[in-house]
There are 2 protein chains.
Amino acid sequence: MAEVAKAAGVSKMTASRVLRDVSGFSEETRDKVMREVERLGYVPNRIAAAFGSEQTSTIIGVSVPFLSSAIFGSVLDSINGALAKFGYQTMIGAHENSAETEEVWIKNILSWRPAGLILSCHSHSATTRELLKAHGIPVVEIWNLNTSPIDMSVGFNHFDCGYEMGEYMLGRGHKRIGYVGADAETPGLGALRRKGFVSALKNASVELTSEEILNDKSGFYAGFYATENLLNRSGVLDAIYYQDDNMAIGGIFYCQSRGISVPEDVGIAGWGSMEAASILPKRLTTTVVSTQALGKTAADALIARVRGEPQEDLVITPTRLAPGNTV
Amino acid sequence: MAEVAKAAGVSKMTASRVLRDVSGFSEETRDKVMREVERLGYVPNRIAAAFGSEQTSTIIGVSVPFLSSAIFGSVLDSINGALAKFGYQTMIGAHENSAETEEVWIKNILSWRPAGLILSCHSHSATTRELLKAHGIPVVEIWNLNTSPIDMSVGFNHFDCGYEMGEYMLGRGHKRIGYVGADAETPGLGALRRKGFVSALKNASVELTSEEILNDKSGFYAGFYATENLLNRSGVLDAIYYQDDNMAIGGIFYCQSRGISVPEDVGIAGWGSMEAASILPKRLTTTVVSTQALGKTAADALIARVRGEPQEDLVITPTRLAPGNTV
DNA sequence: TGTTTATAAGTTACCGGTAACGTTAAAAAT
DNA sequence: ATTTTTAACGTTACCGGTAACTTATAAACA
């Protein structure tokens, strides 16, 4: 910048002012400086800027369970787009549903003095909570609505999603009901939906007949395979609730391959309105969620807090049970 | 750090040495310093570190078309994991298959003085190429093997993938052949596979009978819908090559919904060995690719270059045509 | 014993910006 | 004509580490 300033015949400080577009320079000076910036191909050094102004950087840390998850990918896209628009850079982390991995990542990212963090879908270690509180950095926890957040929480109410689906299935007259999930060792929020689901059944004095929770990651084949296990083990079921749509689709395919009709022989419901469901011959009964809305809301909330604007601590992102033709 | 040093009764410099684990201190001193680090909850300031050591930062920029794409998500996971292991932070960007968006992102990330960049799946603007060459920063271009890369290239040979599939289809006796793609306005590398495919047909004096390239993003429903358009327009086809597996699956479902048998009435092939194909009743004919291998290879290549270790400029990630039961 | 060598520190200057404050000259108010 | 205000700059110090150098101490050696 010193070079640019010298070439433009002004002081470093004036060049800095022009580049940051703060007040204190004339139009004429701006032109002179910008011309030299262009000519010399000057690329500002944000490291020095972040360092010089005792402020935090324009980095925002975003952590998700896996980057390969389609549904979180779409949340990430939405967050990243919203943040980029306001001049923030996204630093990502994949915590793999482990509080330790998350803690390591958080320690790392805090050393970059980020302006804020967006954490998803995991309960944090004690150290993590302390660290974040001590730094007083804006944090949005997303995915599940957390009623006692570190700072802010934007998310779906997974328990209610499950509860609602439980009531719906009972309402359709089902009695022998199963559940299919994944990630047994590192439970995500599917576990919370299951809890809500089971709770709805309990209220009607119905027990979960059987369940199959794999150790694998969720996916089409996991759903296929788990359904096979479940049905082999428990015999006839009226309906099965799946951790998510992809697993439910796998279940539908298993049934199809064995000549089991859906929903006549067994009802199937998922969660998450995932894209794959769009090609099924029957519309999948599921809970519709907007990952776009979630991501944007979370990013906006974080930016508001960073800028010191008023912002609710809790924002629920609505979900809707969409009855299809599979239950 | 000054506080820590003072508390430990050593100089700032010694504390710095301990924290970076470079030589020049005793075990006793390390213990003293580390104890105070723990006690005071010191989190190092990497911004100051990157600034102080005229070096580049430990940030690595990674740009992909979309974060919501399942296949790139898996590449990202693999890259991020490999980079994190070596103490690098990933800054992501989504270029949405636009050279301008990419350019804006690159200018932004360069202001963070990253140690290196991983760019995917897009030809760059002239300004971008100049900027990167001028900065002399290590760059790996991934996804497609680029024979004249800015710096390094790690990828699949998309043209050959298409060519191979073209030959395979001809070998199965198909003559009236169609193509289905997406992203017409912002073509990715599906366009290159199509080119290879068409080229194989041409070599056997076969013209592409018909094609349907949507403006939408690729996906199950896009494949479903595009197949409907294609078949309505061109009547009977022997086989269809799809931009990727997800679209091919959509195509299979369209056929199923209309009572068209695969592969008896029409053959269907995709690309990318995507997870969804695992639940199909028939194994999908496709090209198997390893996104894991690609990501890890790219990250390793970049780190090698950053560290000044010897590293090939071009690394091809092998692909394999996997004949299934759909062609 | 004196000299060399290795190890463990401390000192100083500096990285490239920005905050805070000081200066100047022109415009506005009295 | 003088004072006050304001916009447009310039100066200086500083952010929190690290590189490069210097110094102190102890061990190894001729």
Side-chain angles (χ1 to χ4, degrees), chain A residues 1-37 40-59 87 89 107-115 135, chain B residues 1-37 40-59 87 89 107-115 135 137 308:
Chain A
M1 203 173 73
E3 251 184 82
V4 171
K6 201 171 156 197
V10 298
S11 74
K12 239 172 72 176
M13 196 60 217
T14 300
S16 170
R17 279 192 268 253
V18 169
L19 283 162
R20 282 177 298 147
D21 201 23
V22 298
S23 66
F25 57 88
S26 63
E27 277 308 308
E28 194 191 353
T29 306
R30 161 187 264 137
D31 290 347
K32 273 193 299 187
V33 171
M34 292 314 278
R35 198 156 38 232
E36 295 305 320
V37 164
L40 296 167
Y42 169 73
V43 176
N45 184 335
R46 270 195 225 258
I47 289 188
F51 180 63
S53 74
E54 249 316 61
Q55 315 253 4
T56 50
S57 64
T58 55
I59 292 170
Q89 277 72 38
K107 278 183 180 159
N108 259 308
I109 194 131
L110 281 180
S111 72
W112 285 100
R113 303 292 186 265
H135 276 252
Chain B
M1 203 172 72
E3 252 184 81
V4 171
K6 201 171 155 197
V10 299
S11 72
K12 238 172 72 176
M13 196 60 217
T14 300
S16 169
R17 278 192 269 253
V18 169
L19 284 162
R20 281 176 300 148
D21 201 24
V22 298
S23 66
F25 57 88
S26 63
E27 277 308 307
E28 194 193 353
T29 306
R30 162 187 265 138
D31 289 347
K32 273 194 298 189
V33 171
M34 292 315 277
R35 200 157 37 233
E36 295 305 320
V37 165
L40 297 168
Y42 169 73
V43 176
N45 185 335
R46 270 194 226 255
I47 289 188
F51 179 63
S53 73
E54 245 320 59
Q55 316 255 2
T56 49
S57 64
T58 55
I59 291 170
Q89 277 72 37
K107 279 183 180 159
N108 258 309
I109 194 127
L110 281 180
S111 72
W112 285 100
R113 302 293 185 265
H135 275 254
I137 176 181

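Convention: sequence-line order gives letters A, B, ...; per-chain numbering from 1. Just so it is clear, the model here is predicted, and its values are computed rather than measured.
- Each of G9(B) and R17(A) lies near DNA chain C, and the nucleotide nearest G9(B) is the one positioned closer to the 5' end.
- Per the stacking criterion (ring centres < 5.5 Å, plane angle < 30°), F51(A) stacks onto the base of dC15(D).
- Relative ring orientation between W112(B) and W112(A) is described as perpendicular, the plane-to-plane angle rising above 60° on a 0-90° scale split at 30° and 60°.
- A heavy atom lying under 4.0 Å from DNA chain C marks the following residues of residues 27-37 of chain B, by number: T29(B).
- Dashed line: the shortest gap from a side-chain N or O of S53(B) to OP1 or OP2 of dT18(D) is not under 4.0 Å.
- Not one side-chain nitrogen or oxygen of S23(A) sits closer than 4.0 Å to the OP1 or OP2 atom of dA8(D).
- A donor-acceptor contact under 3.5 Å links the side chain of K12(A) to the base of dG17(C).
- Ion pair K6(A)/E3(A) not flagged as a salt bridge, since none of the NZ, NE, NH1 or NH2 atoms sits closer than 4.0 Å to an Asp/Glu carboxylate oxygen.
- Put simply, CG on L19(B) is 17 Å from C1' on dA19(D), counting in whole angstrom units.
- Comparing R20(A) and T14(B) along DNA chain C, the residue whose closest nucleotide (by nearest heavy atom) sits nearer the 5' end is T14(B).
- Close to dG16(D), at under 4.0 Å from its OP1 or OP2, lies no side-chain N or O of Y42(B).
- To the nearest 0.5 Å, the span separating CE on M1(B) from CE on M13(B) amounts to 7.5 Å.
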